[in-house]
Amino acid sequence: MITGYIECGKIELARSFFDAMPDRNNVSYITMIFAYSKYGSVESAKELYDQMAEKDLLLYNAMIACFAQNNRAKEALQLFDEMLKPNANVQPDKMTLASAISACSQLGESKYGTWIETYMRELGIGMDDHLATSFIDLYAKCGNIDKAHELFKSLQTRDLVAYTAMILGYGINGRGKETIELFEEMMDADIIPNLVTFAGILTAYNHVGLVEEGYRCFMSMHRHGLLASQDHYAIVVDLLGRAGRLEEAHELIKKMPMQPHAGVWGALLLACSLHNNVELAEVAWKNCCELEPDSSGYHSLLANIYASAGRWDDAKRLRRAVEEKGLVKIPGSSWTECFESQQ
DNA sequence: TTAGGGTTAG
């Protein structure tokens with residue numbers, strides 16, 4: 001019953017059902033935690049997790065996965081650390097490690113990831129394709145592309161996710177030729193790309209600076225029956241914008257079948273700052289402000305563009321407005337420092 | 001024992 005509601009996305013109903021259950025066990029808790037995780041309600045998941053006095057492997061796995069899948073990598077690794085303490089009395093399994101590696105990857109923590117690889121062997125857990133794909137992503141993001149490729153070659157089956165991780169890895173490491181070759185290899189293997197794959201491939205083209213190839217790739221999405229999301233548009237706006245094709249990028253935004261999010265306009269604003277286009281920057285900035293009124297980053301970008309154009313008064317006016325409104329830049333994650341201080 | 005893992009820029 002509960003899983004039926006969850007499958008339909010009726011999470012409130014699932015929760016009511018869960019609350020009314022006379023014999024809730026840890027499996028019902030875990031089912032609810034995974035459901036909350038899927039729909040991004042991390043706080044609700046954590047609330048349920050905290051209710052259980054005895055934390056077993058399943059419960060740890062559910063909560064660590066929830067953090068890792070919702071971009072809360074630091075908390076995922078903190079909980080993983082807690083789980084490894086002797087008084088926790090549990091031993092991680094493949095699922096735990098998959099989430100922990102994913103969290104390391106989000107934080108660029110290659111040292112911690114390498115430690116997990118060693119620890120994995122100590123526990124007698126063998127490398128499977130899922131774990132290897134997590135490691136491919138981790139090592140590629142940390143710049144160790146050779147190690148990533150070595151793992152990719154060792155896979156039993158190269159599936160969609162593995163190809164996507166490797167393509168993205170080549171892309172962010174500036175390996176243009178390999179990016180294209182691997183994409184072609186994937187198509188030859190009749191592996192149908194999905195929306196995530198396209199985001200990865202477009203990102204790769206963007207990093208490598210292959211504008212035409214990237215644009216063509218984006219235009220081919222509908223042939224695969226895929227409707228590009230706002231994120232895909234943001235990458236292509238960035239791709240065109242960085243190449244100085246600002247008007248084309250602007251036209252693309254105007255033709256979007258859905259409302260662009262701030263990231264799309266933000267990509268155009270960034271491109272305008274790279275190419276000193278004040279008029280278009282003002283258009284992009286206005287849209288960014290409407291969509292994300294509390295962010296100071298867009299004002300700073302426009303102020304810099306004004307300053308580069310010698311419009312000092314406008315730059316000053318904008319900077320003053322930021323101070324008056326008390327808009328503050330949110331500092332980045334300090335997990336790396338936290339981790340290093342524990343060494 | 002039970003659930004369930006990996007891929008999306010700046």
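Throughout, protein chains are lettered first and strands after them, A, B, ... in sequence-line order, and every chain is numbered starting at 1. All figures in this text were calculated on a predicted structure; none of them were measured in a lab.
On a pure distance criterion of 3.5 Å, a polar donor-acceptor pair joins the side chain of A:Thr133 and the base of B:dG6. Judged by distance alone with a 3.5 Å cut-off, no donor-acceptor contact links the side chain of A:Asp128 to the base of B:dG6.
Computed from coordinates, the A:Leu182 CG to B:dT7 P distance equals 17 Å when rounded to whole Å.
OP1 or OP2 of B:dT8 has not a single side-chain nitrogen or oxygen of A:Thr197 nearer than 4.0 Å. Of the side-chain N and O atoms in A:His207, one or more sit less than 4.0 angstrom from OP1 or OP2 of B:dG10. For A:Gln106 and B:dT8, the shortest distance from a side-chain N or O to OP1 or OP2 is not below 4.0 Å.
Residues satisfying the salt bridge (Lys or Arg N to Asp or Glu O under 4.0 Å) test with A:Glu12, not counting sequence neighbours, are none.
Less than 4.0 Å separates DNA chain B from at least one heavy atom of each of the following residues of residues 45-61 of chain A: A:Leu58, A:Asn61.
Looking at heavy-atom distances under 4.0 Å, A:Asn26 makes contact with a base. Nucleic acid contact class of A:Ser134 (heavy atoms, under 4.0 Å, all strands): sugar-phosphate only. Within the nucleic acid shown, A:Ile101 has no heavy atom closer than 4.0 Å to any nucleic acid atom. Using a 4.0 Å heavy-atom distance criterion, A:Gln69 is classed as a sugar-phosphate-only contact. The residue A:Asn194 sits apart from the nucleic acid: no heavy atom pair falls under 4.0 Å. Counting non-hydrogen atoms under 4.0 angstrom, A:Asn71 reaches nothing in the nucleic acid. At the heavy-atom level, A:Ala234 lies under 4.0 Å from base atoms of the strands shown.
With respect to A:Glu43 and A:Arg72, a salt bridge is recorded, a charged nitrogen being found less than 4.0 Å from a carboxylate O.
Within the 4.5 Å cutoff, the side chain of A:His149 has no heavy atoms near those of the A:Tyr139 side chain.
Hydrophobic side-chain contacts under 4.5 Å tie A:Val161 to no other Ile, Leu, Val, Met, Phe, Trp or Tyr residue.
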